[in-house]
Amino acid sequence: MPTAESRLTRSRLLLLALLGAGAPAGAEPAPPPPISANALGGTVAGARGPEAGVWVIAETRDLPTRFAKIVVTDDQGRFVIPDLPAATYQVWTRGYGLVDAAKVEARPGERLDLRAVPAPSEREAAQYYPGLYWYALLGMPSASEFPGTGDRGNRIPPTMKSQAAWVDTIKNMCQSCHALGSRGIREVPAFFRTGQDSVTAWAMRTQAGQAQAYMALAMGSLGADRANALFADWSDRIAAGELPFAKPERPQGVERNIVVTSWDWASPKHYQHDAISTDKRNPRLNADGLIWGSPEESTDLVPTLDPLRHVAGEVRHPYLDPKTPSSLDAARGPSAYWGEEPIWDGHTSIHNVMLDEAGKVWFTARLRPRENPAFCRTHPSAAAAPLQVSDRQLSLYDPATGRWELIDTCFTTHHLYFGHDPDNTLWTSAGGPASGVVGWLNTRVFRETRDAAKAQGWTPIIVDTNGNGRRDAHVEADQPVDPGKDKRVMAAFYGVMPSPVDGSIWGQSMDRGFSRIDQPGYIIRLDPGPDPSRTALAEIHQPPEGSFGPRGLDVGLDGVVWTALSSGHLARFDRAQCTGPLNGPGAAEGRLCPEGWRLYRFPGPQIRGLDESGSAEHAYYVWVDRYNVLGLGANVPIASANGGERLLALVDGTFVSLRVPYPLGFFTKNVDGRIDDPAAGWKGRGLWTTSGTRANFHGEGGTEAAPKVFKFQLRPDPLAQ
């Protein structure tokens, strides 16, 4: 009987063929196309003829910042790298089943005949596989070992309730910050191995650098002794020669039409969480303008990129209070890459960045110590949910004047998106569940008054469990449902997105099955009502049985909600498909609309011992291409699938894989789409993102690897210029 993976592969290949797969590899070569003065082109051949589905990379350091372009050969081994700035390039080939060919020097306008070099062994071929194929080898505790029995049993904490919670922790706490299967992770540096057994080496490496507190939290949730032993067994087996049990396919069909452009920005010692190029509500905003980044804990320097002049710059983010904590204060162990040097120096913890309708830049940023100012205690929203602390607030930068505005908020901020209302309300997520509120800033009021207290508000998440359609007195999250009252859910948004359809606000909360909270992940619909602090009502929806771990969320122009699941799925939720009431006593469980869900298994192998209906693949976030910026259709969801080092676009139920092969270890947390020139076809539009790993030095290039900006464009065919 065919497996779910084989069925998916067949349907994927059928779609890709319909989208333009062309003739099979090894066909008779056709004459190479004419090459324009600003392009490079030619053929790639191996010992058996033309090589189809091979990447060709052109890179230069002649420009103000390092620049590269990547394309894929067509079914006859031909390639064209379009729109290259005048410079001298190093050009080489990379592909599955191959090792890198020697680099060739070339300038735009030249035609090249490149060689594909077969890998001399399966082991050398596998070094170019995405990390997904390596971490699928990771051992997992069996389902029968949960809940954990602690130090006197299986060394898994009793708070770890299920195997699903373990998998979710690995993906949403480990893989969400690092490219888990990349070479820099699967091979333990000699710095930690020398004189140590493997378990101790893993314990030491997870205590290295300035992120050790977060790593300690993750390892403690898993049970550090048990987790270190499993990671050590994984890396030992790989060191002894174990290879991935599955192999990736070369790009097919429309996947060969991709053009990926990259620029270095920021410093190799810093990392970027997100990048933004435009306003999600209007992808024509900021045409050809600067790309902006968010460096989170690593620095207060906000990077910029001018993609027309190939110039990387930076702007320093200020903060309100000199006592604002710094990442320099974090405890750290010695690094295999940086020794005792603290490479992060950030106070502002800039997590997310967004452009508004006027092209001004908004950030979620830390401006002060955690304790809230006095106005938070008397704010009208405090009557519904008093807040004592806030970990991150808001800021606004005007590129035209260079002026900063620092906006103190009582609620913690994490992600931020603008609503579709006349006030351009800025809705935020809080990240973790601690605050249990959703916060917002009325930007019209703020612009008119510059009064942050007056412009902001927040609400707890209240579910209509008494079923009367309005918000009433409620029981708290730790109390049983009262049929005469509503119920508070102690969740908070991680992903957040105002609906373009009906004024509702959608959010996604994290699965907490590894903690004392023991709360599943939800997607949440918030209806603000006329006075959100007092009138907002929420619906909660759990993913279907057998799936788990929502992370990230977006909403199409059709009102359909998408989220990525750590069970290895992209999930679709269409509230219009719900057939029964969504309030009443059962609303507190989040199971009232199973018919609204549909799951799509991510391509790639599954970790051995786990349910084959899922995948080892994991996506940090999901972004919906509402306006067909990429060219695969309107309202196409695109997942930042870091295991496969790619973007995954779901087109008519089948995934199109857009892998970035250089540098190895591509890892991103967000996607953004901009239309620079609507009359220029594919050349006038593209998707933008940045390398989002906390440790670029784990990937190809080591300590010289700076974060990169990536632009994805889709041509009508692999040779379009």
Should the pair Arg332-Glu340 be classified as a salt bridge under the 4.0 Å nitrogen-to-oxygen rule? no
Taking 4.0 angstrom as the limit, do Asp554 and Lys280 come out as a salt bridge? yes
Please assess Asp300 against Asp345 for the test side chain to side chain contact (heavy atoms under 4.5 Å, CB included), listing each intermediate value before the final yes or no. CA-CA 7 Å; Asp300 297 327; Asp345 60 354; over 6 Å; no
Check: Tyr662 ring centre within less than 6.0 Å of Trp92 ring centre: yes
Are any of the side-chain heavy atoms of [X] and [Y] separated by less than 4.5 Å?
X	Y	value
Met173	Tyr214	yes
Ile258	Phe712	yes
Asn670	Ser640	no
Leu132	Trp134	no
Pro637	Trp623	no
Pro82	Val71	yes

For the residue pair [X] and [Y], categorise the inter-ring angle as parallel (less than 30°), tilted (30 to 60°) or perpendicular (more than 60°).
X	Y	result
Trp55	Tyr96	perpendicular
Trp404	Tyr397	tilted
Phe697	Tyr337	tilted
His317	Phe363	perpendicular

Check: [Y] main-chain N/O paired with [X] side-chain donor or acceptor under 3.5 Å:
X	Y	result
Arg685	Arg674	no
Glu314	Pro303	no
Gln713	Trp682	yes
Thr413	Arg392	yes
Gln175	Leu180	yes
Ser429	Val496	no
Thr60	Tyr89	no
Ser198	Ala232	no
Arg256	Pro251	yes
Asn228	Val199	no

Does the side chain of [X] pick up a donor-acceptor pair with the side chain of [Y] at under 3.5 Å?
X	Y	value
Tyr621	Arg551	no
Tyr271	Glu296	yes
Asn286	Thr278	no

Applying side chain to side chain contact (heavy atoms under 4.5 Å, CB included) between Asp672 and each of Ile291, Asp274, Ile276, Val353, report the one that passes. Ile276
Take Asp197 and Thr200 through the side chain to side chain donor-acceptor pair (under 3.5 Å) test and state the conclusion after the steps. CA-CA 5 Å; Asp197 63 84; Thr200 303; 2.8 Å; yes
Run the side chain to side chain donor-acceptor pair (under 3.5 Å) check on Thr348 and Arg366 step by step: do they pass? CA-CA 4 Å; Thr348 47; Arg366 182 169 58 204; over 6 Å; no
Determine, step by step, whether Trp344 and His270 satisfy the ring-ring contact (aromatic ring centres under 6.0 Å, His included) criterion, reporting the C-alpha distance in whole Å, the side-chain angles of both residues, the deciding distance to 0.1 Å, and the verdict. CA-CA 7 Å; Trp344 296 351; His270 301 147; 9.1 Å; no
Taking everything shown except Arg107 itself, do over 12 heavy atoms lie less than 6.0 Å from its CZ? yes
Please lay out, stage by stage, how His273 and Tyr620 fare under the test ring-ring contact (aromatic ring centres under 6.0 Å, His included). CA-CA 11 Å; His273 194 280; Tyr620 185 93; 5.7 Å; yes
Do any pairs count as a ring-ring contact (aromatic ring centres under 6.0 Å, His included) and have a residue in residues 177-213, sequence neighbours left out, and if so which ones? His178-His698, Trp202-Phe231
Going through the checks in order, is the side chain to side chain donor-acceptor pair (under 3.5 Å) test met by Glu297 and Ser349? CA-CA 4 Å; Glu297 304 296 337; Ser349 185; 2.7 Å; yes
From CA spacing to verdict: side chain to side chain donor-acceptor pair (under 3.5 Å), Thr169, Ser221: CA-CA 8 Å; Thr169 304; Ser221 299; 5.9 Å; no
Answer yes or no on whether Arg94 is positioned over the face of Tyr128, meaning its NZ or CZ is under 6.0 Å from the six-membered ring centre and within 45° of the axis. no
Given salt bridge (Lys or Arg N to Asp or Glu O under 4.0 Å), test Glu59 with Lys69 step by step and report yes or no. CA-CA 7 Å; Glu59 182 179 61; Lys69 245 179 189 178; over 6 Å; no
Mind jotting down which residue pairs meet the salt bridge (Lys or Arg N to Asp or Glu O under 4.0 Å) criterion with at least one end in residues 636-647? Sequence neighbours excluded, please. Glu617-Arg646, Glu645-Arg659
